[in-house]
**Q** 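The following block contains the structure, expressed as structure tokens.
Lettering follows sequence order; numbering is per chain, from 1.
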Amino acid sequence: MKYIEYKDLDLVNMAGEILSEWKKRDIFNKSIESREGNETFTFYEGPPSANGTPGIHHVMARALKDIFCRYKTLKGFQVKRKGGWDTHGLPVEIKVEKELGITKDDIGKKISIEEYNQKCKEAVMKFKDEWDELTERIGYWVDLDNPYITFDRDYMESLWYLLKAFYDKGLLYKGYTIQPYSPAAGTGLSSHELNQPGCYKMVKDTSITAQFKIKNTENDYFLAWTTTPWTLPANSALAVGKNINYVKVRTFNPYTYEPVNVILAEDRVGAYFGADSKDLKIEDYQAGDKRIPYEVIESYKGSELVGMTYEQLLPYIPLPHPAFTVVMADYVTTEDGTGIVHISKTFGADDFRVSVQNNIPGVMVKDDLGNDVPIVDKKGRFVKEITDFAGMYVKNYEGKDESDPAYKSTDVLIAIKLKGENKAFRVEKYEHSYPHCWRTDKPVLYYPLDSWFIKTTAYKDRLVNLNKTINWKPASTGTGRFGNWLENLVDWNLSRSRFWGTPLPIWRTKDQKEEKCIGSMEELKAEVEKSVEAGFMDAPIGDDFDLHRPYVDNVVLKSDSGKQMFREEALIDVWFDSGAMPFAQWHYPFENKDIFEKSFPADYITEGVDQTRGWFFTLHAIAGMLNDSVAFKNVIANGLVLDKHGNKMSKRLGNTVDPFKTLETFGPDATRWYMIANANPWDNLKFNPEGIQEVQRRFFGTLHNTYSFFALYANLDQFTFEDEEIPVTKRPESDRWIISKLNSLVLAVDEFLADYEPTKACRAIQDFVIDDLSNWYVRLNRKRFWVGDYTEDKKAAYQTLYTCLVTVAKLASPVAPFYMERLFLDLNNTTGQEQLESVHLGYFPEAQPALIDKSLEKKMKLSQSISSLVHSLRKKEKIKVRQPLARVLIPVLDPEIKEMIHEVEDLIKTEVNVKSVEYIDDTTGVIVKKIKPNFRELGKKYGSKVKHIAAAIKEFGQEEIGILEKGSQLEIHIEEETIYLDIDDVEILSEDIPGWLVASDGSLTVALDVSITEDLRKEGIARDLVNRVQNLRKDMGLEVQDKIMISIGKNEAMINDALLDNKGYICRETQALSLDIKENLSDGKLLEMDELKLLVRIDV
RNA sequence: GGGCUUAUAGCUCAGCUGGUUAGAGCGCUACACUGAUAAUGUAGAGGUCCGAGGUUCGAGUCCCCGUAAGCCCA
């Protein structure tokens, strides 16, 4: 059987062929089945949403998932990977709304919820086929046949189970958050609705800078500015910035003319006090003066103000301490206002958050049912407790004519009241952008709305600690982005008021006094039966009951006291869906308990860094709170894929890359390799197709060339690895070297992949293939493959190269699964070395440390450096490599180095075509040495004196160097101090050999003898001839193994001698049976070699 | 506004715990090689290591303040 020889490398078609082979032979399943009973490695697939087409970044993400699953499979683990689809949520709904040309309001009116949800269900899998195709074509092995789907009843039942588990632990509660709310429409608005064009409008509002009197002072006030004066009755705290500087200013209130001391940010003084008032004297002030004097009398850091208390501004509803305290908030700026921010817990999202963090209560009143409600009702009116303004709309929701001169907004009325009470420092109209309801065009309020929460804060410390056990790649995402997020955790708002999602399984009585949380289908059925008995429902529900809206909404349950219970309207956050996948993908705990237990937590997950607070968090929170465990042990948070200029890809800019086209052009392997090798996956990737091309040419091209080289000659020699393997120790030095390098590579790649460093692994493989294997080993050993008989040496060469290629195929197979499969099969199918039908069913190569010879690697490095230096000298002297030279001289001071070079002498000699390598040591006395300070050593010993010592060392001549080399100490004087230097404090290098042509690199120096003797010249001519004959052979279209006869026209004696002296060599090299010099050669070809002309004829 | 990341040659990236000439590949220029040949070798040009300060005998590397870009959150 022969190795397949290829014309050229077609990575695209090759991948297609491999793909159909895999399918035909069911290789993916075999890669799992063949590991049955082995230790498992658990991977969780972060479910994509198939309602859009996949992009190029999905290639990156999927490659990253695939690489480690394949690697672990090679390491013997059983790696099951269940695919999944994320199907619920807002993006789906919005897309459907758009398609149907409806808005949220129309749902339940123009279209029934039932129909609408049906549309969503259809839409969400719209592009599933494209996704599946991409997954397959990039070689991402994942079980697409049995995926988990978040809208499945079983999946949702697991979600209900989990929600009930939270509920039973007392971790699921109803509270409120501050959300955009439209009193005119009587509904909350999502951020998506707020982002509709035209929602934000410039409006002129009355803004007030209010004076908050500091407790236990005569007339000291904090100044805080607001553009929503109607929230001032709800003020319960003031916020300052940590690093902002504040000052106390002595001045007068412009409305009451009373003397006041006001505190505000230093940077804002200019905005409140005119420069023209600067020179005025406090004492000269007369009540009513237009210009008011001021004087800065004290200054504070923001942190110094924290904890100070003040009197309630509008004391309608008293509150206990710590209300009316100064707190710190990160969002305070000095761009406008006073640098002190008024906080009303019930009417601002930031305010609410800061209040919760500081235990500040909100200003609230009791409603008829005894529940806490804000001081503005749902219609936008002040409640009766706000006596002065009771029943007044906080904004103009009743449609009053604002152009009427008598019209006064509530904000203005509040301003008037404050002015009168010496509580307003400034009142002015302020134009700013403010959101409006897209339905009613009326201003939006930020308003507390009911929400269901998971009390994540109760487990904050545990979640923080569990996170510390997770191996994050990169680490900073774990400690920084994710860690900080956990440190500042707030309760998880689960509620979404939408239609297409998992309904919250909680039923309540009308009076809100009784409630029930349902955790399974069985439980629901049982409760419904009770309800049917009680006459609340007509019929029981079956096993096929759909848990979606509107069906669950129609379920009315019976409370313990016999009352009707209705479902709380909320759907849950879709992130709960995906975060629950470790449980729900197995329909846990209703089925597959054992599978779940074996596959929890995950060993590895990876998604984009944008998932940090999405999937990564919800996985972590659910697992941490319910199972007291991490959900994943290792995680790669990969970066973005940008266009080649570093811009974000977007449809609008038209710089997106079609993954299918990319795969069609470059094939999956080069694409994957490029994406992983070019930059660490957690860095953003500047995607440039030219980069893939380079990978294709440089890495895959070189590897393929190496294989082709091997295949060509191995086929000629019929090498199929049938013979005994020659012990590595018995192989030539260069074989042992590349085998040593190969084993070092195996260790390195294993280590990198185990450490989730795919980029380093790729680069190591790449360097090995290109530099070590192709450019050095193969180049140096070419002759062994094509000259002479099938000797032991040749066998060793084949075996060595084969081992290198097959090992590279295995090492690189996780990243380039198609090409490496091809390479492996092409090799292994011929030799039958391993009983494997796929490289992916095999095992990761075992490194044999005994075969790693670091000193040999070092030797080879030396020979490479020396060769490179000689090449550069030849080049300088314009002596081509074909011309043999007599000798290279290498000055060596270190006998160890000398010994090492000596061992690779032969290599050097062939590589640079010289007859001998000679060493010059000290004894010859011709070497000029150079001395350099060893800063690392000197720094340790002498610290600040290093500079002076270095200067002294620079002055040293050969004599001082000699002293140190003998092992004696050298005494030098630095600033009246005597310092004894020894050999370790310096580096001694040979620099020059007078009268020779030298080149040096670091500590290596070589000299080349460039004199060409007659013998050398003759040999050069012979080599030249070989070269020309080879060209002729090629021109004649001869095969490598074809034999020829050479005839040459007679020439001058020297040339004839040159040819005859080297006849054996010439014949051997050119596969010639004879070489004759003929007196009269008529029909030869005239060859020009430098200044020579030869008439040559070749006969087959 | 906050958190995190990134910034080194025209481009893509290395640069370990600080050590004195900052590297590689691609690209460019020149030359060589010519049975791996749409390959390969050698050499050259190309750097205020984003900016300003600081620590240190010594900073691309450590600290601080900025600038720009990106992501997430407000």
**Q** Would A:Asn715 and A:Glu5 count as having a side-chain donor-acceptor pair, cut-off 3.5 Å?
**A** yes
**Q** Taking it one step at a time, do A:Asp573 and A:Trp492 satisfy side chain to side chain donor-acceptor pair (under 3.5 Å)?
**A** CA-CA 9 Å; A:Asp573 183 5; A:Trp492 179 2; 3.0 Å; yes
**Q** Using whole Å, report how far CG of A:Asn775 lies from C1' of B:rC33.
**A** 14 Å
**Q** For A:Asp767 and B:rC13, what is the distance between atoms CG and P respectively, to the nearest whole Å?
**A** 16 Å
**Q** For A:Asn680, which contact category applies under a 4.0 Å heavy-atom criterion: base, sugar-phosphate, or nothing?
**A** sugar-phosphate
**Q** Do A:Gln696 and A:Trp673 get their side chains close enough for a donor-acceptor pair, meaning under 3.5 Å?
**A** no
**Q** For the pair A:Asp350 and A:Arg353, evaluate side chain to side chain contact (heavy atoms under 4.5 Å, CB included) and give the outcome as yes or no after the intermediate values.
**A** CA-CA 5 Å; A:Asp350 280 331; A:Arg353 183 169 50 84; 3.1 Å; yes
**Q** Go ahead and name the base partner of B:rU40; Watson-Crick or wobble counts if both distances stay under 3.5 Å, otherwise write none.
**A** B:rA32
**Q** Phosphate oxygens OP1/OP2 of B:rC13: is one of them under 4.0 Å from a side-chain N or O of A:Asn678?
**A** yes
**Q** Starting the side chain at C-beta, find the nucleotide from B:rA36, B:rG70, B:rC4 nearest to A:Val778.
**A** B:rA36
**Q** For RNA chain B, whose closest nucleotide is more 5', that of A:Phe709 or that of A:Asp683?
**A** A:Asp683
**Q** Give me the distance, rounded to whole Å, that separates B:rG47 from B:rG41 when you measure between the C1' atoms they each carry.
**A** 26 Å
**Q** Calculate the interatomic distance between A:Leu703 atom CG and B:rA36 atom C1'; express it in whole Å.
**A** 13 Å
**Q** In whole angstrom, give the distance that lies between atom CG of A:Asn715 and atom C1' of B:rA36.
**A** 15 Å
**Q** Using a heavy-atom cut-off of 4.0 Å across all strands, would you classify A:Arg697 as base, sugar-phosphate, or nothing?
**A** sugar-phosphate
**Q** Suppose we define a pair by two distances each less than 3.5 Å, Watson-Crick or G-U wobble; what does B:rG19 pair with here?
**A** B:rC57
**Q** Taking only the P atom of each, what is the distance from B:rU8 to B:rC49 in whole angstrom?
**A** 11 Å
**Q** Pick the nucleotide of RNA chain B nearest each of A:Thr706 and A:Asn684; which residue has the one closer to the 5' end?
**A** A:Thr706
**Q** Using atom C1' of each nucleotide, how far apart are B:rU5 and B:rA36 to the nearest Å?
**A** 43 Å
**Q** Rounding to an integer number of angstrom, what distance separates B:rG1 and B:rG60 when you compare their P atoms?
**A** 32 Å
**Q** Check the phosphate of B:rC72 against A:Arg481, side-chain N and O only, distance under 4.0 Å to OP1 or OP2. Yes or no?
**A** no
**Q** Salt bridge between A:Asp717 and A:Lys794, side-chain N to carboxylate O under 4.0 Å?
**A** yes
**Q** Under 4.0 Å, counting only non-hydrogen atoms across every strand here, what does A:Arg782 touch: a base, just sugar-phosphate, or nothing?
**A** base
**Q** Specify the separation, in whole Å, of atom CG of A:Asn781 and atom C1' of B:rU40.
**A** 16 Å
**Q** Find out whether A:Tyr798 and A:Thr800 are in side-chain contact, i.e. whether some heavy atom of one side chain is under 4.5 Å from a heavy atom of the other.
**A** no
**Q** Please tell me which of the listed nucleotides, B:rC26, B:rU40, B:rA74, lies nearest to the side chain of A:Glu694?
**A** B:rC26
**Q** Please give the nucleotide sitting opposite B:rA45 as a Watson-Crick or G-U wobble pair, both distances under 3.5 Å, or none.
**A** none
**Q** With rounding to whole Å, what would you report as the distance between B:rG70 and B:rU17 at their P atoms?
**A** 30 Å
**Q** Grab the CH2-P distance between A:Trp472 and B:rU5 for me, whole Å please.
**A** 14 Å
**Q** Is any side-chain nitrogen or oxygen of A:Asn488 closer than 4.0 Å to OP1 or OP2 of B:rC73?
**A** no
**Q** Is any NZ, NE, NH1 or NH2 atom of the basic residue among A:Glu751 and A:Lys760 found under 4.0 Å from an Asp or Glu carboxylate oxygen of the other?
**A** no
**Q** If the P atom of B:rC71 is compared with that of B:rG15, how far apart are they to the nearest Å?
**A** 25 Å
**Q** Please determine whether any donor N or O and acceptor N or O are separated by less than 3.5 Å between the side chain of A:Ser774 and the base of B:rA36.
**A** yes
**Q** Tell me the partner of B:rA69, counting only Watson-Crick (N1-N3 plus N6-O4 or O6-N4) or G-U wobble (N1-O2 and O6-N3) with both under 3.5 Å; none if nothing fits.
**A** B:rU5
**Q** B:rA14, B:rG35, B:rC4: which one has an atom nearest the side-chain heavy atoms of A:Arg763?
**A** B:rA14
**Q** Is A:Thr702 touching bases, backbone alone, or none of the nucleic acid, heavy atoms closer than 4.0 Å?
**A** nothing
**Q** Is it true that the side chains of A:Asp351 and A:Tyr446 contain a donor and an acceptor less than 3.5 Å apart?
**A** no
**Q** Measure the distance from NZ on A:Lys686 to P on B:rG25 and round it to the nearest whole Å.
**A** 21 Å
**Q** With rounding to the closest Å, how many angstrom separate the C1' atoms on B:rU6 and B:rG51?
**A** 16 Å
**Q** Under 4.0 Å between any heavy atoms, over every strand shown, what does A:Ser708 touch: base, sugar-phosphate, or nothing? Just pick one.
**A** nothing
**Q** Can you tell me how far P in B:rA59 sits from the matching atom in B:rG66, rounded to whole Å?
**A** 24 Å
**Q** Would you mind reading off the distance between A:Arg1023 atom CZ and B:rC33 atom C1', rounded to a whole angstrom?
**A** 13 Å
**Q** Using the side-chain heavy atoms of A:Asn484, tell me which of these nucleotides is nearest: B:rC4, B:rA14, B:rC71.
**A** B:rC4
**Q** Tell which nucleotide pairs with B:rA24, taking only Watson-Crick or G-U wobble pairs whose two distances are both under 3.5 angstrom.
**A** B:rU12
